[in-house]
Structures are given as structure tokens and as C-alpha cells.
There are 2 protein chains.
Amino acid sequence: MQIDSVNIGQTASAAVIIYEALKKAIIEGQLKDGEPLRQDEIARMFNTSRIPVREALTMLEQQGLVATQRYKGAVVAGISPDEAAEIWDFRALVEGRVIEMAVPRMTPETLAAARAHLEAFSNAANPVEWGDHNRHFHTTLYRDSALAYHLGIVEKTLDRVDRYLRAQLSLSNGVARANAEHEAILAACEAGDAARAAELTRRHILGAKANLLDLLSRG
Amino acid sequence: MQIDSVNIGQTASAAVIIYEALKKAIIEGQLKDGEPLRQDEIARMFNTSRIPVREALTMLEQQGLVATQRYKGAVVAGISPDEAAEIWDFRALVEGRVIEMAVPRMTPETLAAARAHLEAFSNAANPVEWGDHNRHFHTTLYRDSALAYHLGIVEKTLDRVDRYLRAQLSLSNGVARANAEHEAILAACEAGDAARAAELTRRHILGAKANLLDLLSRG
DNA sequence: TTATCGGTTATTGGATACAATATGCAAGAG
DNA sequence: CTCTTGCATATTGTATCCAATAACCGATAA
């Protein structure tokens, strides 16, 4: 007998489910910097014991999203202006390289997907959507680089600062400027000009950095 | 009353102790690629239950040092030639930037410490010592950059590939060539030539990459 | 022979119970 | 009143036990 094989999604463990939910809440800013994460409380939310909760918190700590102190618990890890500045520099360095490697391999499908995110971004109406489409626009342009390690680092870095990225986009001129810069980056990709796409990406990120530092310094 | 305060080292949890021990064993190559890590076997080694072992394995998985399958356990994560090539490219990119930022801030103490590692490296007699002194030579030159995020990523990346770095150094001309290149890098740092130190570091890493790929392809 | 089925064992995932530590408060000494 | 001290409580860290799943192996039928 021959039947269609269905990809059994390898049902995730409770620890992973909790991890993903907490990560999403932190990334989207629903959990504020410094907010304590009580094992017992989270366990009750998910109808589990504290064991998988602890595993989830361990994962989040490894990613720098929470900070833990022995016998005192975990809190959502914030970020200082200095760290923010450094991380945006890091992004400019790595994402510039990644897009440069991606452009020569970029497919029409990828370009179309990126344009869809670009348009969705410019039509979006709230910070969560801005953040999502902005991020997906960029990572879509990166994926054809096929640089798995680089892409993993980029994703982890974006997870770490996603909250601040959203806040920066929400500034007065944030979305409009990002939109114009996205258009330019996409045009360079469509033209197959890797060096230009890289340079525009670096400028885009460093411009956002300046915007963000202004925001952070004003409180 | 006034007494000397002693820094109580915040005794580490069992999970962290196990994590560090396993990490060291993997990094130094005592645990081979693909070797399974049984929870209760490790628990017996450390006279603990499996709970802290699982936390340690979770941490190692987040760092990419082990790969886990649900209900099947964890194995030491190996690396493919493609991944190796990509990671060495990443190192060249990031470490080049880091040393460039470090040179203008580099203190005489740092330079002296780096020279000590350089000499210890050239006098070392076995792969473990080569690896340690090689790594410390480079990270010493990076530290004055004060780029905490970059340095964290560099350390994690080195952890991921330390085994292969050691193997590459052990090739016929590995140590001699590395030694000569280290001298040149250190000279550029002492001369305050940041751009040259960065370029030499990139070349050093990319040269090692070619060496390693040769090793991996030959088996 | 070879493929499939059933059960046995080994191993991991998770729940409950207990131990270790920190925090807050109230009582008492100065 | 202020500071210390000791206890009560809250929270985390770990051990033990049970549940879920995978791997192995022998028996059986085509």
C-alpha cells in the first residue's frame, strides 16, 4: 500500500513551546526590561511543572534575552545605549557582507517576496507590523546568500534588539525614511549591484543607529 | 568593625559546572563528533540527578556544540567542510574589524601579554597548548576594543570550531606559519597600524581556512 | 528468505517532592 | 528611634519517580 506521507511536525516539547512563547513576548515588548519571570507563575500559565520552564529560561539566557541570578530568578535583559550602539555597528558589518554575497545568487522569487514585504511595511499601521515586515524584508534579501552561520547570528542579533528596532521605527520620521531606504536597497538588488546594496544596507543600519541613540538618550 | 571582604565566588550551580566540563571536553576534542551524551551516564559522573545535566545539554545545544533529537538524545555536533569555510570567512570579517578597533586603544600591558602568548605558542609542544596559546594570543589583542558584543560572538565562534583549529595547527607547516604571521600581526599592533593589523589578521584567518579545507577534504 | 508484528528494554520528557537560599518583617537591644 | 537578629515566607535548585517514545529482537506468515 502507498499513502501520502505527511510531515509529522515532530511535536515540540513543552520546553520549546514555552521558550518560543516567552521569546515572542520579549521580542515584541510585551514583557518589559527588568520584568521578573517567575518559574512557578509561568508553569501555571502553561499547565506544566517548572522543569520545562527552567529549560526555556536557560535557552533565553543563552541568547541574552534574560539575565538570571542564582536563587533570585530571571528578568528580561535590557540593553544600554553603549551596547545598542555596538550591536548596530555589528549589524552593519555582518548584514552588509551577507547581502553582498546574496545579490549574485538572488532569484526573482526572492526579489518578489522582498517587494511584498516592502509594500506591506509601508501600508502597516502599528509598531508590531512595522517591525515584522521590516525584519522580513531584510532577512528575505539575505537568505539567498546561503550563509547558514551568518544568517543564524543575524537572526539571534535581531532577536536581541527587536524591541529597540520597533521603538526606533515608531519615531516621527522612522517609517518614511526606512521605506525610502528600502526602495533603494531593493533597486540595487534588482540591478544586481552587490556592492551598492551592501553599502546602502550599511548606511541604512547606521542611520537607524543614530536615530535609536537619540531616542535612548532622551529616555 | 572592618574586615577584609572576600569575594565569595557565587558558587556555581551543578548545571553550570557540568556545562563547563562538557564544553571543555568538546572543545579540546576529548569527545568526538557524533559521540552520544547519555544523561544518566553524565549524571553518575558528577553525582547528580539528570536535571542539571539536561540544563547543561540545553546550554550546549544553544551554542551549537551538541545536537539534540527529541527522545533520542544529544550528540556532539560536528561541522561540514562548507560550514567550516563559512565560519572562517565570518571570523575574518569580525575579527578583522575587532582588532582594527582595538589597536588605537591597545595598552603596553596588552601588547606584553600578547607577546607572552606568542612565545608560549612557539615553545609549545602539543596540540592542546598550541590551541590555547594561539587563541589567547588573538583574544588578548582583541580585548582592548571593549566591544563586548563582538567579543562574545568571537568567543562563541571560537568555541564552535576550536577542535578544527587545533587540528589545522597540527598540520605539517601549521605552527611555523602561524608563528610568523603572529609576529607580523603583533608588529603592526605595536606600530599602531590598525589597518595593517586588520588586514594581516584577515589573511591569517583565510590562510588557515585554506589549510583546514585541505585537511577536511583529505578526510 | 524476508518483511511485518508484538513485546521487551533503554532512554528521554515531565511531574512531584524536598533542599537550599534569599527576602521581608517583627521583636528586641542599644 | 535605629540597628540588629531571628523567624516566616517565597523562590529557586535538585532528587526521585512516572510517562512517553524509540530501538532492539525474536516469532511468525507470505
Side-chain angles (χ1 to χ4, degrees), chain A residues 1-3 5-23 25-26 31-32 34-77, chain B residues 1-3 5-23 25-26 31-32 34-77:
Chain A
M1 185 173 66
Q2 181 80 11
I3 62 172
S5 77
V6 176
N7 196 344
I8 305 287
Q10 191 80 319
T11 55
S13 65
V16 170
I17 292 171
I18 296 169
Y19 161 71
E20 309 250 345
L22 290 177
K23 185 168 92 166
I26 294 172
L31 292 168
K32 305 297 182 191
E35 184 153 337
L37 302 171
R38 304 267 173 241
Q39 296 175 5
D40 199 14
E41 183 183 352
I42 297 167
R44 275 196 303 272
M45 284 184 193
F46 289 89
N47 281 313
T48 68
S49 74
R50 282 164 41 223
I51 300 291
V53 174
R54 289 173 58 85
E55 272 192 51
L57 291 174
T58 299
M59 292 186 236
L60 292 167
E61 183 176 22
Q62 289 297 311
Q63 308 217 353
L65 290 174
V66 312
T68 304
Q69 273 190 303
R70 188 166 158 79
Y71 293 119
K72 293 180 71 174
V75 299
V76 177
Chain B
M1 185 174 68
Q2 181 80 11
I3 63 172
S5 76
V6 177
N7 196 343
I8 305 286
Q10 192 81 320
T11 55
S13 66
V16 171
I17 291 171
I18 296 169
Y19 160 70
E20 310 239 327
L22 289 177
K23 184 168 94 166
I26 293 172
L31 292 169
K32 305 297 181 191
E35 184 154 336
L37 301 171
R38 303 274 171 232
Q39 293 176 6
D40 69 351
E41 182 182 354
I42 297 167
R44 276 196 302 273
M45 284 183 191
F46 289 90
N47 281 311
T48 68
S49 74
R50 281 165 42 223
I51 300 291
V53 174
R54 290 180 49 175
E55 274 193 42
L57 291 175
T58 299
M59 293 187 234
L60 291 168
E61 183 176 22
Q62 288 297 310
Q63 309 219 353
L65 289 174
V66 311
T68 303
Q69 273 190 303
R70 189 164 157 81
Y71 292 118
K72 294 179 69 175
V75 299
V76 177

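No side-chain heavy atom of M45(B) sits under 4.5 Å from any side-chain heavy atom of I18(B). Taking the side chain as every heavy atom from C-beta outward, L37(A) and L31(A) approach each other to under 4.5 Å. In this structure, M59(B) and Q62(B) have side chains that are not in contact, with every pair of non-hydrogen atoms separated by 4.5 Å or more. Residues V53(B) and L22(B) form no side-chain contact, since every pair of their non-hydrogen atoms from C-beta on lies 4.5 Å or further apart.
Not one side-chain nitrogen or oxygen of Q69(B) sits closer than 4.0 Å to the OP1 or OP2 atom of dT21(D). Under 4.0 angstrom from either OP1 or OP2 of dA10(C) there lies no side-chain N or O belonging to Q39(B).
Of the two residues near DNA chain C, P52(A) and K72(B), the one whose nearest nucleotide lies more 5' is K72(B). Annotation: of the two residues near DNA chain C, T48(A) and D40(B), the 5′-most nearest-nucleotide partner is D40(B).
Each of dA22(C), dT11(C), dG14(C) was ranked by its minimum atom distance to the side chain of Y71(A); first place goes to dA22(C). Minimum atom distance to the side chain of I51(B) is reached by dA15(C), of the listed dG13(C), dA15(C), dT21(C). In this structure, of dG14(C), dA15(D), dT11(D), it is dT11(D) that holds the atom nearest to the side chain of R38(A).
Distance, R44(B) CZ to dT14(D) C1': 18 Å, rounded to whole Å. Rounded to whole angstrom, the span from the CZ atom of F46(B) across to the C1' atom of dG13(D) amounts to 17 Å. E55(A) has its CD atom 14 Å from the P atom of dT14(D), to the nearest Å. The separation between R70(A) atom CZ and dA19(C) atom P is 17 Å, rounded to whole Å. In this structure, N47(A) atom CG and dG14(C) atom C1' are separated by 13 Å, rounded to whole Å. Rounded to whole Å, the distance from CG on L57(A) to C1' on dT14(D) is 16 Å.
Counting distance only, with no hydrogens placed and no angle test, the side-chain atoms of R50(A) and the base atoms of dG13(D) include a donor-acceptor pair under 3.5 Å. Remark: the R54(A) side chain and the dG14(C) base include no donor-acceptor N/O pair separated by less than 3.5 Å.
Panel note: side chain R54(B), backbone E55(A); no donor-acceptor pair is recorded below 3.5 Å.
If you check every strand for non-hydrogen atoms under 4.0 Å, L37(B) touches sugar and phosphate atoms only.
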